[in-house]
J.: 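Following this message is one structure expressed as structure tokens.
Quick note on labels: first sequence line is chain A, next is B, and so on, each numbered from 1. All values below come from the heavy atoms of this structure, side chains included, with hydrogens, waters and symmetry mates left out.
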There are 2 protein chains.
Amino acid sequence: MAALGLLARRPASGYDLLKQFEVSMANVWPATQSQLYSELNKLADEGLIEVTAVGARGRKEYGITAAGRDALRDWVLDFHHDPPLRSAALLRVFLLGEVTPEQAGDYLMAVAARAESTLARYEALRDAVPWNDTSDTDFYGRAALEFGLREAAMTAEWARWVAVRIDERSQ
Amino acid sequence: MAALGLLARRPASGYDLLKQFEVSMANVWPATQSQLYSELNKLADEGLIEVTAVGARGRKEYGITAAGRDALRDWVLDFHHDPPLRSAALLRVFLLGEVTPEQAGDYLMAVAARAESTLARYEALRDAVPWNDTSDTDFYGRAALEFGLREAAMTAEWARWVAVRIDERSQ
DNA sequence: AGTGACATGTAACCTGTTACATGATTTA
DNA sequence: TAAATCATGTAACAGGTTACATGTCACT
């Protein structure tokens, strides 16, 4: 669906999309090259996209069809079918009793450090990108970034909070 | 790995684990019956768990082995191999430009409402469970719950924040 | 005797990953 | 002309899902 979403903005080849994924959606929806090409063929088979131009080196430029745009709109507004998330990070927390309090504390401080470096990266992105509120792409990209910012800050605070409690408890 | 973690606490059968998953870990690591039984056989093949008792109706009770405990400790402290998360919910936000501002706003208010009901559920859980800080299981379970509480609150606030901005922008 | 809970497993299918494979075009 | 980039695809495998399949034991 991510590929369909990008093609809704403008036509592109698999190769183009791959690069767009790297810059704009890597944090949200990572996709491998192999996956993307088979996804494009599948979307084309279903009539949601179509080849709009053929270029050099076998390049196929795809564009979204009317049916594709309908399917995308349906998907965007339907959040009931979201797969339940499976968080290895949280599962670890459940199992932290298996290691010493020192190790558990170190682990949480590492989690906090990672969240803080993610936060710094997102802040840099927020400050570097000239967001233009009149563009939907910019506006909603900024909204998604805001989520990332808040989540990273929350995670770092939470990890330090737990680390402090582990420390208190182990004395 | 979740099964291994539960078996580290006490021996259990696949059937027992299935019920434990439903109550204690469903929010973090959902698992299907089919998956669990094949996982148990795989763990047994690898020598990380072993059958400690055979009961009626073919019941096999598994216990963690020394090798299993080592593997679990390694896994718990290693957060580098976490799979990158793929968030359908955030991808939707990126694509919200495909629908009208009204629909986008409704969508975000629905996200907020869902987060708030999750929050209420977690708060009820927090207040209902008699947490005993001297038990590792309780302590770390409480820490994981705290994450859930903060995440739900953050998500609800964020969704309302975005909804307000959509509203301002569409006037 | 029948129902419900206990208890485990297999088969078909889908999605995704890594690694492999191939070739065309541009640029230094 | 060699290297980098452009461009797409296949194969083997891993992990997960749904649905199917099977049988036992306790209780009424």
Side-chain angles (χ1 to χ4, degrees), chain A residues 1-7 11-23 25-46 48-63 71 75 80-88 91, chain B residues 1-7 11-23 25-46 48-63 71 75 80-88 91:
Chain A
M1 274 297 154
L4 189 59
L6 287 178
L7 289 176
S13 69
Y15 195 84
D16 294 339
L17 290 175
L18 216 51
K19 281 183 297 180
Q20 285 182 237
F21 267 106
E22 276 163 24
V23 295
M25 277 175 170
N27 298 308
V28 159
W29 199 269
T32 60
Q33 177 259 28
S34 177
Q35 175 63 13
L36 179 57
Y37 283 111
S38 46
E39 177 78 6
L40 287 173
N41 284 321
K42 203 185 121 213
L43 288 171
D45 284 349
E46 291 168 350
L48 304 183
I49 62 175
E50 62 190 358
V51 176
T52 51
V54 175
R57 282 166 286 197
R59 174 193 170 93
K60 287 185 284 186
E61 191 173 79
Y62 291 97
W75 185 81
H80 297 110
H81 299 44
D82 273 8
L85 60 330
R86 175 171 292 188
S87 166
L91 177 58
Chain B
M1 273 299 154
L4 189 59
L6 288 178
L7 289 175
S13 69
Y15 195 83
D16 293 338
L17 291 175
L18 215 51
K19 281 181 298 179
Q20 287 185 45
F21 267 106
E22 276 164 26
V23 294
M25 277 175 171
N27 299 307
V28 159
W29 198 269
T32 61
Q33 177 257 30
S34 177
Q35 174 64 13
L36 179 57
Y37 283 110
S38 47
E39 177 78 6
L40 287 173
N41 284 321
K42 203 185 121 212
L43 289 170
D45 285 349
E46 290 168 350
L48 304 182
I49 61 175
E50 62 189 357
V51 176
T52 53
V54 176
R57 282 166 284 195
R59 175 193 169 93
K60 287 186 285 185
E61 191 175 78
Y62 291 96
W75 184 81
H80 301 288
H81 300 43
D82 272 8
L85 58 335
R86 176 171 293 189
S87 166
L91 178 57

J.: Roughly how many Å is it from NZ in A/Lys19 to P in D/dT5, rounded to a whole number?
T.: 11 Å
J.: Distance check: side-chain N/O of A/Arg86 vs OP1/OP2 of D/dT17, anything under 4.0 Å?
T.: yes
J.: For residues B/Leu36 and B/Gln33, determine if any side-chain heavy atom of one lies less than 4.5 Å from a side-chain heavy atom of the other.
T.: no
J.: Is there a side-chain contact between B/Tyr37 and the phosphate of C/dT8, meaning an N or O under 4.0 Å from OP1 or OP2?
T.: yes
J.: So, is B/Arg57 near the phosphate of D/dC25, with a side-chain N or O under 4.0 Å from OP1 or OP2?
T.: no
J.: Identify which one of A/Arg59, A/Lys60, A/Lys19 satisfies the side-chain hydrogen bond (donor to acceptor under 3.5 Å, both in side chains) criterion when paired with A/Ser13.
T.: A/Arg59
J.: D/dT10 P sits how many Å from A/Lys42 NZ, rounded?
T.: 16 Å
J.: Measure the NZ-CD1 distance between B/Lys42 and B/Ile49 for me, rounded to the nearest 0.5 Å.
T.: 11.0 Å
J.: What is the distance from CG of A/Leu40 to P of C/dT15, rounded to the nearest Å?
T.: 15 Å
J.: Can you tell me how far C1' of C/dA5 sits from CG of B/Asp16, to the nearest Å?
T.: 13 Å
J.: Take atom CG of A/Asp45 and atom C1' of D/dG9, then tell me their distance rounded to the nearest Å.
T.: 14 Å
J.: Is any side-chain N or O of B/Lys60 closer than 4.0 Å to OP1 or OP2 of C/dG9?
T.: yes
J.: Expressed as a whole number of angstroms, how long is the span from B/Glu39:CD to C/dT10:P?
T.: 15 Å
J.: Nearest whole angstrom, please: distance from the P of C/dA7 to the CG of B/Leu36.
T.: 13 Å
J.: With side chain to side chain contact (heavy atoms under 4.5 Å, CB included) as the test, would you mind laying out the steps for B/Leu85 and A/Leu85 before giving the verdict?
T.: CA-CA 9 Å; B/Leu85 58 335; A/Leu85 60 330; over 6 Å; no
J.: Is there a side-chain contact between A/Leu40 and A/Leu7 in this structure, where contact means two heavy atoms from C-beta onward sitting under 4.5 Å apart?
T.: yes
J.: Separation of A/Leu43 atom CG from C/dC14 atom C1', in whole Å?
T.: 15 Å
J.: Phosphate oxygens OP1/OP2 of D/dC6: is one of them under 4.0 Å from a side-chain N or O of A/Tyr15?
T.: yes
J.: Using a heavy-atom cut-off of 4.0 Å across all strands, would you classify A/Ser38 as base, sugar-phosphate, or nothing?
T.: nothing
J.: When rounded to the nearest 0.5 angstrom, what is the spacing between CG in B/Asn27 and CZ in B/Phe21?
T.: 12.5 Å
J.: Which ones in residues 25-35 of chain A lie close to DNA chain C, meaning a heavy atom under 4.0 Å from one of its atoms?
T.: A/Thr32, A/Ser34, A/Gln35
J.: Does the pair B/Tyr62 and B/Val51 meet the rule for a side chain to side chain contact (heavy atoms under 4.5 Å, CB included), with working shown?
T.: CA-CA 4 Å; B/Tyr62 291 96; B/Val51 176; 3.7 Å; yes
